[in-house]
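The structure presented is a predicted model; accordingly, all values stated were derived computationally and were not measured. Note: hydrogens, waters and symmetry copies are ignored here, and every other heavy atom, side chains too, is used.
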2 protein chains.
Amino acid sequence: MAEDARGRLIDAAGRAFAERGFEGASVRDICSDAGVNVAAINYHFGDKQSLYVACLEQAQCSESQQTLRAADPSLPPEARLHGFIRGMLAAQGDPDRPRWHNALMLREMAHPTSAAAEVLKRYIRPLAETLREILEQLSPGVSGMPHDGWPVGFSVVSQVLFYAVHRPVARLLMGEAEHDALDVDFLADHITRFSLAALGRGPNIVGPSAAPSAGIRKTVSR
Amino acid sequence: MAEDARGRLIDAAGRAFAERGFEGASVRDICSDAGVNVAAINYHFGDKQSLYVACLEQAQCSESQQTLRAADPSLPPEARLHGFIRGMLAAQGDPDRPRWHNALMLREMAHPTSAAAEVLKRYIRPLAETLREILEQLSPGVSGMPHDGWPVGFSVVSQVLFYAVHRPVARLLMGEAEHDALDVDFLADHITRFSLAALGRGPNIVGPSAAPSAGIRKTVSR
DNA sequence: CGACAATTCAAACGACCGTTTGAAACAATC
DNA sequence: GATTGTTTCAAACGGTCGTTTGAATTGTCG
């Protein structure tokens, strides 16, 4: 029963921190949610801050299969990009992975605490390097563009991050029903095609074919 | 001296709310910052929550000239898009407009409170409609795409929002010096060209010419 | 069973929270 | 100068915060 209380605390705290922020989540609510005494935080972690760090560490450990697949340099770059994008999108709604993992990381990145540097080094930086490698493979010379090509990479990931950070806005703008009809596959296809077209590596977005290009579908999806 | 205390309170509170969030900002800190007594919040606004709403209303009132310019349907759509993007970017660093205005809105949109619906209706919705109109003018038929073309609009604005929401990450990834070298004009040009290329209305990003197309520059910039 | 460590518990700690009070200070009008 | 309404102030309110305490409980092993 020892590790159990610790684990339940991290899970309850992670959900609370992700939803209401560090200041907004009270230790009493967290402990009540986890079904443990308030003193358990002090016993297992020391204090609230250390519990928060433990949540971040837990959130860092899980990584999507799809994102890993994208790292395989033997695949065609279009498929790698699609896998990368789909992987990031899927991580948001992965039922095997607690929802709060992504939300907590996003909070930490938007309003960094002292723990942000570690998260960036271990979690964000590898993702960024993978994407840069894919983009360079896709369009040689992109790394040599102004500001080392970072803005191109940002233009790609920003489209993915939008649906994680600004989901409430998108929901209200589109209408709930229409928004809930968006699924991971559709968004991954859209963002991939938008980005490929911008890089001159695919047909533009408003073409006659609304279906994703066959080359992408056959190598990555399902 | 009456309206002065009220105004100083809104300014101090806006900065505090934007930086540390509603829960993280204490009324004592805010009042100390504004140079007023703690009871002033109750006297001028009623309570902390109403002060927060007052800050949001203040933040809504200011709008960038550039964004307005983009609403002019007589301009060529490429120039309107560039104006729209540059306007949103410029609002982030506008010295005439307190920095907290944008930050507070972004917080409200990422983690909506009960006041979010009003903000969306009065501030976000008009922006979204303007963009949709520009995109439809740019690429007729985009509104008829799946999900009413919303994903296309999201792909454009997300690139702008990235630099507002994830600035700390971008800073750490690129390195401080390189990041601070990014200016509004460069980013506006980059995002516009990326989006136009995706829509098939311009050369792709990694072309021989790193300079923005003349048609955009001459109508909008400076 | 008895000894010992690991874990949980109810209760309380001081500090800070948002809010309120009633009097003092100020401004404007007669 | 007296009157009236507006604004500021120091002080305190009850409540919740994160944290601590020391005893009670549980689990482990000789």
Side-chain angles (χ1 to χ4, degrees), chain A residues 1-59 100 103-104 107-108 111-116, chain B residues 1-59 100 103-104 107-108 111-116:
Chain A
M1 251 331 187
E3 197 62 21
D4 195 12
R6 214 188 113 97
R8 285 206 315 276
L9 260 176
I10 289 186
D11 192 61
R15 273 183 280 118
F17 289 146
E19 193 167 331
R20 301 187 289 278
F22 182 78
E23 323 276 350
S26 81
V27 296
R28 281 176 176 80
D29 284 346
I30 291 171
C31 290
S32 155
D33 218 36
V36 303
N37 191 270
V38 283
I41 288 186
N42 174 51
Y43 180 75
H44 287 287
F45 300 95
D47 57 5
K48 187 188 183 183
Q49 176 67 35
S50 304
L51 171 58
Y52 179 80
V53 172
C55 290
L56 273 183
E57 286 170 353
Q58 174 108 337
W100 60 265
L104 189 61
R107 256 194 202 269
E108 182 66 28
H111 303 101
T113 69
S114 56
Chain B
M1 250 332 186
E3 196 63 20
D4 195 12
R6 214 188 113 96
R8 286 206 313 278
L9 259 177
I10 289 185
D11 193 61
R15 271 183 282 119
F17 288 145
E19 194 166 332
R20 300 187 290 278
F22 182 78
E23 324 275 350
S26 81
V27 296
R28 281 175 175 81
D29 284 347
I30 292 171
C31 289
S32 156
D33 219 37
V36 302
N37 190 272
V38 281
I41 287 186
N42 174 51
Y43 179 76
H44 287 287
F45 301 95
D47 57 6
K48 187 188 183 185
Q49 176 68 35
S50 304
L51 171 59
Y52 179 78
V53 173
C55 290
L56 272 184
E57 286 170 354
Q58 175 107 337
W100 61 264
L104 190 59
R107 254 194 205 271
E108 181 66 28
H111 303 101
T113 69
S114 55

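Between dT20(D) and Asn42(A), a contact under 4.0 Å exists linking OP1 or OP2 to a side-chain N or O. Proximity of His44(B) to the phosphate of dT8(D): a side-chain N or O atom is located under 4.0 Å from OP1 or OP2.
The CD atom of Gln49(A) sits 15 Å away from the C1' atom of dC17(D) (whole-angstrom rounding). Glu23(B) places its CD atom 11 Å from the P atom of dG18(D), with the value rounded to the nearest Å. Atom-to-atom, CZ of Phe45(B) to C1' of dT19(C) comes out at 16 Å; the value is rounded to the nearest Å. Taking atom CG of Leu51(A) as the reference point, atom P of dG18(D) lies 11 Å away to the nearest angstrom. Rounded to whole Å, atom P of dC17(C) lies 13 Å from atom CZ of Phe22(B). Computed from coordinates, the Asp47(A) CG to dT20(D) P distance equals 8 Å when rounded to whole Å. Tyr52(B) has its OH atom 19 Å from the P atom of dC17(C), to the nearest Å. Look at NZ on Lys48(B): it is 8 Å from C1' on dC17(C), rounded to the nearest Å.
Across dT8(D), dA10(D), dT8(C), the shortest atom-to-atom separation from the side chain of Ala39(B) is found for dA10(D). Taking the side chain of Val38(B) as heavy atoms from C-beta on, and the options dT8(C), dT19(D), dT19(C), the nearest nucleotide is dT19(C). Of the candidates dT7(C), dT19(C), dT20(C), the closest approach to any side-chain atom of Tyr43(A) belongs to dT7(C).
Among all heavy-atom pairs drawn from Ser50(A) and Phe45(A), the shortest one is CB-O, 3.2 Å. Listed here is the closest heavy atom pair of Ala115(A) and Leu56(A): CB-CD1, 3.7 Å.
Partner of His111(A) under the side-chain contact (heavy atoms from CB on, under 4.5 Å) criterion, out of Arg20(B), Glu19(B), Arg107(B): Arg107(B) alone.
Shown for residues 26-37 of chain B: residues whose heavy atoms fall under 4.0 angstrom of DNA chain C, namely Ser26(B), Val27(B), Arg28(B).
Legend: residues meeting ring-ring contact (aromatic ring centres under 6.0 Å, His included) with Phe22(A), ordered by chain and number and at least two apart, are Phe17(A), Tyr52(A).
Looking at which nucleotide of DNA chain D each of Ala40(B) and Ile41(A) is closest to, the 5′-most match is held by Ala40(B).
For the pair Asp47(A) and Ile41(A), the minimum side-chain heavy-atom distance is 4.5 Å or more.
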Return a table of donor-acceptor pairs under 3.5 angstrom between the side chains of residues 29-40 of chain B and protein atoms on other chains or two or more places apart.
residue: Asp29(B); atom: OD2; partner: Ser26(B); partner atom: OG; Å: 3.4
residue: Asp33(B); atom: OD2; partner: Arg15(B); partner atom: NH1; Å: 2.9
residue: Asn37(B); atom: OD1; partner: Ala39(B); partner atom: N; Å: 2.9

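At distances below 3.5 Å, not a single donor-acceptor pair connects side-chain atoms of Glu23(B) with backbone N or O atoms of Gly21(A).
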